[in-house]
Amino acid sequence: MSGCDHAGLLPVEEALARLLALAESAPIAGDEQVALAEADGRVLAVPLVAGLDLPPWANSAMDGYALRLADWTGEPLVVSQRILAGSAPQPLQPGTCARIFTGAPLPEGADTVEMQENANVETDGRVAFSEPLRRGQNVRPQGQETRRGETVLPAGTRMGPIEMGLAASLGAAELTVRRRPRVAVVSTGDELVPPGQPLGPGQIYNSNRALLIAWLKRLGCAVVDAGILADDLELTRAALTGLSDVDLILSTGGVSVGEADFLGHALREEGELALWKLAIKPGKPLTFGHFRGVPVIGLPGNPASTLVTFGLLARPYLLRRLGVQEVEPLGFTVPAGFVWKKPGNRREYLRARLEHGRAVIYPNQSSGVLRSAAWAEGLVEVLEGTALAEGDSVRFIPLSEIQA
């Protein structure tokens, strides 16, 4: 067994730092070509490099008139052509202007565009301008956004709608992305029953499986549903042995201290238990280790504990293995709309929402109450040893930051 002092609780920052270091030592190997439409949520394996200037030619930022500024003497100009977006203009005739529309290419010889609101069309069709003109105004120059050969998105970028739009603007029909991590989801506990089956005495429905599978798919993982394991060491060992072809085994339950800590027993047998017992609430009994070379993250079984530890620790670990560098969720400071009287020795994450600019918390913060998270909009972070009065500043982490 290595790297973990069971007598104390590992601070959240140190636990995350260790997990990210472990992730960097085991990057997801292999990549694949996917169509742009299939790239949402995937991680770039190679940089996206511009194959053209963007825009590829100077164009107008306004509906108006294109001219050569040197031709404007104050006398009305003849309109020599009309240029629509998508057309190929003729060179601008000296001493004339061109009617032009937003996005249309600037004709050769023109260097200025005046918006139509400042143009006066004479009865003979000639155009005068009512405001002073400046060379280059309302012109988007070639390569203003991107130059050919420039790295637009680095490797490790996680693709979303904006990134996909940017790739499309450069004409990228396919992208090279990291292959999907194969993640096995294992639920442990004699008390668990799949939805749709009748409950027996002392049994509950397995909510963690549905939560984690949906979350992993959003992260672009290929999920292996390993089902529900009974509380039995031999069955746990056999199940882990049968998952040798995955990149990560993600389990819930069976990681607390006690006789039913079968996952912990199995990992200790392998001598590779790297993390155990964190200074976090909910979620103290998170476990990280290896079973015969396969990384294993053991999440607590209570639903709110599963949510917090996956979102703040397991999710960053997975993203870092895919090469993503910015993996921690963004948060912001808001006033507390509640009182927290009892400082704890663990970092607490309270299910909360914003009302009138203040964070208010769900009345029942039990780790077994998943409804609190469905009600919430985010997590309020309460530091160790901290009591809060109403109006004190707290960090608020939107759930949208960790669910995406």
Side-chain angles (χ1 to χ4, degrees), residues 1-4 10 15-32 43 45 178-189 192 206 208-209 211-213 215-256 260-278 283 285-301 306 309-311 313-324 327:
M1 186 162 51
S2 62
C4 196
L10 193 64
L16 180 59
R18 289 195 194 181
L19 281 171
L20 295 182
L22 288 162
E24 289 175 354
S25 69
I28 299 298
D31 52 62
E32 59 181 333
V43 176
R178 296 281 186 186
R179 69 166 175 84
R180 295 184 184 275
R182 284 174 51 81
V183 180
V185 175
V186 180
S187 302
T188 64
L192 298 179
N206 183 8
N208 287 333
R209 171 186 173 277
L211 182 149
L212 291 175
I213 288 177
W215 212 337
L216 288 165
K217 287 181 177 178
R218 284 192 178 191
L219 288 171
C221 298
V223 178
V224 177
D225 185 357
I228 299 172
L229 288 182
D231 288 327
D232 181 277
L233 180 57
E234 290 305 318
L235 289 175
T236 299
R237 188 185 294 117
L240 296 179
T241 301
L243 296 171
S244 59
D245 63 340
V246 300
D247 298 297
L248 175 68
I249 298 170
L250 188 66
S251 75
T252 57
V255 294
S256 297
D261 175 21
F262 297 113
L263 178 69
H265 283 307
L267 295 180
R268 290 184 193 99
E269 288 176 350
E270 297 296 312
E272 294 186 67
L273 185 59
L275 290 178
W276 183 58
K277 292 175 62 177
L278 309 187
L286 179 139
T287 298
F288 182 92
H290 291 83
F291 186 85
R292 299 181 185 177
V294 179
V296 181
I297 294 180
L299 302 176
T306 297
T309 51
F310 183 87
L313 295 161
R315 178 182 180 272
Y317 166 83
L318 268 170
L319 290 175
R320 183 59 60 84
R321 287 190 67 185
L322 284 165
V324 180
V327 297

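For reference, positions follow the sequence shown, starting with 1. Computation of the quantities below employed the complete heavy-atom set of this structure, encompassing side-chain atoms and omitting hydrogens, waters and symmetry-equivalent molecules.
Rounding to the nearest 0.5 Å places CG of L219 at 11.0 Å from CZ of R180. Taken to the nearest 0.5 Å, the CG atom of L233 stands 5.5 Å off from the CD atom of E269. The CG atom of L235 lies 10.0 Å from the CZ atom of R237; values are rounded to the nearest 0.5 Å. Between the CG atom of L313 and the CG atom of L299 there is a distance of 9.0 Å, given to the nearest 0.5 Å. S251 contributes atom OG, which lies 8.0 Å from atom CG of L267 (distance to the nearest 0.5 angstrom). To the nearest 0.5 angstrom, L318 atom CG is 11.5 Å from W215 atom CH2.
Side-chain contact of R292 with S244: a donor-acceptor pair under 3.5 Å is absent, judged by distance alone.
The shortest side-chain heavy-atom distance between N208 and L192 does not fall under the 4.5 Å cut-off. Inter-residue side-chain proximity for F291 and T241 is flagged as met; some heavy-atom pair is nearer than 4.5 Å.
Listed by chain and number, the residues in a side-chain contact (heavy atoms from CB on, under 4.5 Å) with V294 are V246, I249 (sequence neighbours excluded). For F288, the ring-ring contact (aromatic ring centres under 6.0 Å, His included) test picks out H290, Y317, with sequence neighbours left out. In this structure, A17 has no side-chain contact (heavy atoms from CB on, under 4.5 Å) partners at least two apart in sequence or on a different chain. With sequence neighbours left out, D31 forms a side-chain contact (heavy atoms from CB on, under 4.5 Å) with A45, T176. In this structure R315 satisfies the salt bridge (Lys or Arg N to Asp or Glu O under 4.0 Å) test with no other residue, sequence neighbours excluded. In this view, P316 and L16, L20, V327 satisfy the side-chain contact (heavy atoms from CB on, under 4.5 Å) rule, not counting sequence neighbours.
Of the possible donor and acceptor atoms, none in the side chain of T252 sits under 3.5 Å from a partner among the backbone N and O of P300. A donor-acceptor pair is defined here as one N or O able to donate and one able to accept, closer than 3.5 Å; no such pair exists between the side chain of D247 and the backbone of V183. Side chain of T188 to backbone of L229: no donor-acceptor contact under 3.5 angstrom is found. Under the 3.5 Å distance criterion, the side-chain polar atoms of R321 are matched with a main-chain donor or acceptor of A26.
Here the closest heavy-atom approach between residue I297 and residue A314 is recorded as CD1-CB, 4.0 Å. Among all heavy-atom pairs drawn from R209 and S187, the shortest one is CB-OG, 4.0 Å. Scanning all heavy atoms of the two residues, the minimum distance from A15 to L275 falls at O-CD1, 4.0 Å. Minimum heavy-atom separation, R179 to L322: O-CD2, 3.8 Å.
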